[in-house]
Amino acid sequence: MRLVTWNVNSVRLRLEQLSRIDAALRPDVFCLQETKVVDSLFPREAFAALGYEHLALLGQKSYNGVAIAARRPLTDVTIQNWCGREDCRHLIAGLDGIEVHCLYVPAGGDVPDPDINEKFAHKLAFLDTLTQWFAEQRASGQPKILLGDLNIAPLPSDVWSHRPMLKVVSHTAVEIEKMAALQESLGWVDAVRHFIPPSERLSTWWSYRAADWTTSDRGRRLDHIWVSPTLVPRLGGASIFADSRGWQPPSDHVPVVVDLLD
DNA sequence: ATGGTTGCACGGCAA
């Protein structure tokens, strides 16, 4: 089974590229973030035409929004709200007995200080709440996948330059600590780093605010796929599909791929 | 140090 996660930055603007990615990667499931559309206006027909007839949708107008599109039936679709908000950031669905968590963690604004930046405080609280919630499920042994735009680049090799980026939201020490705690909550394993060593530079996001995204290797690895411990023996491969960053018009994020053996 | 771009039921806000 092949799963692909992609922050599309508007699903309606990216239908042509979803078709190209489908042709190139032949996923069984797409997990999308920043769909930016209410469920009633979600382009269901375009997904059905590609063979993704099973949809779980959690969208809102203009901002956020997550979706799971699968070739096979989705079960037990569940919406999670955190921090007293209805932000459309966490959607859960069962697929072939695996609990799939499609996540869009708050970006956190510009200033990495929770006392003066409410968005950063929200990001940290969101991570704490999620960590506590998964820790309570640790004993269940239910196979799970957590994937999406986590808006944190944890390793020095996940950013273009480690030291200066420690002052930039997405690579601060407190975010990296909270991401490590989230990973520890259930013993999640980073599927991409399971196959690609931490010494290797990786990015899944390149800012729009650069004249040329290919210059200076200034991307960050913000999008992740994690699996619960019992799924580790089934990991068949993982990769980042950077090609689409050069397509027009691009999302600022690119797809991340994981293969699970049967 | 600042500003750079994109997307959104259209224009200030979030990323």
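Quick caveat, the model's predicted, so the values are computed rather than measured. Residue numbers start from 1 in every chain, and the chains themselves are labelled A, B, ... in the order their sequence lines are given, proteins ahead of strands.
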Asker: Can you list the residues that meet the ring pair (Phe, Tyr, Trp, His ring centres under 6.0 Å) rule with A:Phe47, with sequence neighbours excluded?
Answerer: A:Phe42
Asker: Which pairs count as ring-ring contact (aromatic ring centres under 6.0 Å, His included) when at least one residue sits in residues 49-76 of chain A, sequence neighbours excluded?
Answerer: A:Phe30-A:Tyr52
Asker: For B:dT2 versus B:dT6, give the span between their P atoms, rounded off to a whole number of Å.
Answerer: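 Those two atoms are separated by 23 Å.
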Asker: Does anything in residues 101-126 of chain A come within less than 4.0 Å of DNA chain B? Heavy atoms only, and list the residues if so.
Answerer: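 Contacting residues: A:Tyr104, A:Ala107, A:Lys119.
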Asker: What nucleic acid atoms does A:Arg245 come within less than 4.0 Å of, heavy atoms only: base, sugar-phosphate, or nothing?
Answerer: nothing
Asker: What residues form a ring pair (Phe, Tyr, Trp, His ring centres under 6.0 Å) with A:His162, not counting sequence neighbours?
Answerer: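 Checked A:His162 against ring pair (Phe, Tyr, Trp, His ring centres under 6.0 Å); matches are A:His171.
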Asker: Only counting residues at least two apart or in another chain, list the ones meeting salt bridge (Lys or Arg N to Asp or Glu O under 4.0 Å) with A:Arg72.
Answerer: A:Asp28, A:Asp96
Asker: Dump the pairs, protein N or O against N or O of nucleotides 2-5 of chain B, anything under 3.5 Å, distances to one decimal.
Answerer:
residue : atom : partner  : partner atom : Å
B:dG4   : O6   : A:Arg209 : NH1          : 3.1
B:dG4   : N1   : A:Arg209 : NH1          : 3.3
B:dT5   : O4'  : A:Tyr208 : O            : 3.1

Asker: For residues 107-120 of chain A, which residue pairs pass the salt bridge (charged side-chain N to carboxylate O under 4.0 Å, His left out) check, not counting sequence neighbours?
Answerer: A:Arg85-A:Glu118
Asker: Whole angstroms only, please: what is the CG-C1' distance between A:Asn64 and B:dG7?
Answerer: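 The distance from CG of A:Asn64 to C1' of B:dG7 comes to 13 Å, rounded to the nearest Å.
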Asker: With rounding to the closest Å, how many angstrom separate the P atoms on B:dG3 and B:dG7?
Answerer: 22 Å
Asker: For atom C1', what is the distance between B:dA9 and B:dG4, given to the nearest Å?
Answerer: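 That atom pair is separated by 27 Å.
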Asker: Given the P atoms of B:dA1 and B:dT5, what is the spacing between them in whole Å?
Answerer: 22 Å
Asker: Between the protein and nucleotides 8-11 of chain B, list the N/O to N/O atom pairs that are separated by less than 3.5 angstrom.
Answerer:
residue : atom : partner : partner atom : Å
B:dC8   : OP1  : A:Ser10 : OG           : 2.3

Asker: Nearest-Å distance, CH2 (A:Trp205) to C1' (B:dA15)?
Answerer: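 Answer to the nearest Å: 8 Å.
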Asker: For residues 48-57 of chain A, pull every pair meeting salt bridge (charged side-chain N to carboxylate O under 4.0 Å, His left out), keeping only residues two or more places apart or in separate chains.
Answerer: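 Qualifying pairs, neighbours excluded: none.
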Asker: By the salt bridge (charged side-chain N to carboxylate O under 4.0 Å, His left out) test, which pairs, at least two apart or in different chains, include something from residues 197-214 of chain A?
Answerer: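 Of all non-adjacent pairs touching residues 197-214 of chain A, those that pass salt bridge (charged side-chain N to carboxylate O under 4.0 Å, His left out) are A:Arg201-A:Asp217.
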Asker: List the steps, then state whether side-chain hydrogen bond (donor to acceptor under 3.5 Å, both in side chains) holds for A:Arg220 with A:Ser170.
Answerer: CA-CA 9 Å; A:Arg220 307 175 199 168; A:Ser170 74; 3.2 Å; yes
Asker: Any side-chain donor-acceptor pair under 3.5 Å between A:Thr172 and A:Glu175?
Answerer: yes
Asker: Show every donor-acceptor pair shorter than 3.5 Å between a side-chain atom in residues 235-245 of chain A and any protein atom, with sequence neighbours excluded, or say none if there are none.
Answerer:
residue  : atom : partner  : partner atom : Å
A:Arg245 : NE   : A:Trp206 : O            : 3.2
A:Arg245 : NH2  : A:Trp206 : O            : 3.0
A:Arg245 : NH2  : A:Ser207 : O            : 3.1

Asker: Between atom CG in A:Asn7 and atom P in B:dT6, what is the gap in whole Å?
Answerer: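 To the nearest whole Å, that distance equals 16 Å.
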Asker: Can you list every pair that meets ring-ring contact (aromatic ring centres under 6.0 Å, His included) and has a residue in residues 136-160 of chain A, with sequence neighbours left out?
Answerer: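 Sorted result for residues 136-160 of chain A: empty, none.
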